[in-house]
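Here's the structure we're looking at; comments come further down.
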Amino acid sequence: MELLFRQDAYLKSCEATVLSIDDKGIRLDRTVFYPMGGGQPGDVGRLVLPDGGVVEIVDAVKGASHEDVVHVPKPGSPSVAPGTKVRAEIDWDRRHRLMRMHTCLHLLSAVIKGDVTGGQVSDGKGRLDFNLPDQSLDKEMIAREINRLIAEDHPVQPRWITDAELAAQPELVRTMSVKPPMGTGKVRLLDIEGVDLQPCGGTHVARTGEIGAIEVTKIENKGKMNRRVNLAFVGAAAQ
Ligand SMILES: [Zn+2]
């Protein structure tokens with residue numbers, strides 16, 4: 001399966017052929033749907049059939065491997081046979097919000113010096129957990145730093161290194177809970193120029209300025225060594 005979002009996160013649709021269907025969902029030969037993983041939700045959208053029929057896709061999840069995306073149809077959707085040519089379209093507005101917040105969480109991890117133990121990107125908001133001793137984090141200072149990095153409009157781009165190169169630079173791995181997929185020979189790094197460099201297979205915006213203004217909504221103590229920092233787009237709560 002060709003994962004088009006890995007090369008170009010801005011693709012909204014693609015032509016594809018149905019490979020197989022089972023009780024879990026539909027597999028295509030290529031796709032723009034990002035499957036849930038790395039703290040980022042799976043895409044939703046639709047498959048448009050040759051006769052104009054539409055199969056609404058309510059989730060995208062990983063199948064047997066990292067290269068395998070299962071498109072989960074809404075119950076009661078028209079059936080599709082293997083070999084059918086379809087147009088796969090994601091709900092772009094939602095995906096773009098997820099890309100903006102996902103990229104923003106990279107900025108958060110650059111601003112706070114501590115191991116990341118977990119995280120979640122949601123629509124309009126996101127959070128990271130940090131392994132930090134008992135200390136108070138300053139909400140306003142964190143928001144100011146992140147918004148400064150956003151305003152500086154740093155370029156964001158993926159690049160690939162070999163497993164051996166990554167093994168030689170263990171400091172690149174900030175997230176203890178999500179190990180980068182190794183064993184395929186190469187690892188995808190996400191480079192926010194001058195700010196952050198770490199393995200990540202998610203989807204990101206091309207420049208930090210595209211994120212837009214954010215606020216730190218809440219900092220929670222989740223146990224002795226766990227600080228959870230919650231972010232949201234400014235105005236998101238009012239929408
Ligand atoms: Zn990422």
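Because the structure is predicted, anything quoted here is derived from the model rather than measured. Just so you know, ligand 1 is whichever comes first in the structure, and atom 1 is the first atom listed for that ligand.
- For residues 70-80, every residue pair satisfying the side chain to side chain donor-acceptor pair (under 3.5 Å) rule, not counting sequence neighbours, is listed here: Thr31-His71.
- Ionic pairing of Asp138 and Arg144 is not present here: no N-O contact between side-chain nitrogen and carboxylate oxygen is shorter than 4.0 angstrom.
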Output side-chain donor-acceptor pairs under 3.5 Å for residues 229-236, partner residues at least two apart or in another chain, one line each.
from	atom 1	to	atom 2	distance (Å)
Asn230	ND2	Lys218	O	3.2
Asn230	ND2	Glu220	OE1	2.9

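- Taking Ile, Leu, Val, Met, Phe, Trp and Tyr as hydrophobic and joining them when side-chain heavy atoms fall under 4.5 Å apart, one finds Leu19 isolated, its cluster having no other members.
- Neighbours of the Zn ion (ligand 1) restricted to protein N, O or S atoms under 2.8 Å: the count is 4.
- The closest side-chain donor-acceptor pair between Thr162 and Lys186, if any, does not fall under 3.5 angstrom.
- Between the side chains of Gln40 and His102, at least one donor N or O sits under 3.5 Å from an acceptor N or O.
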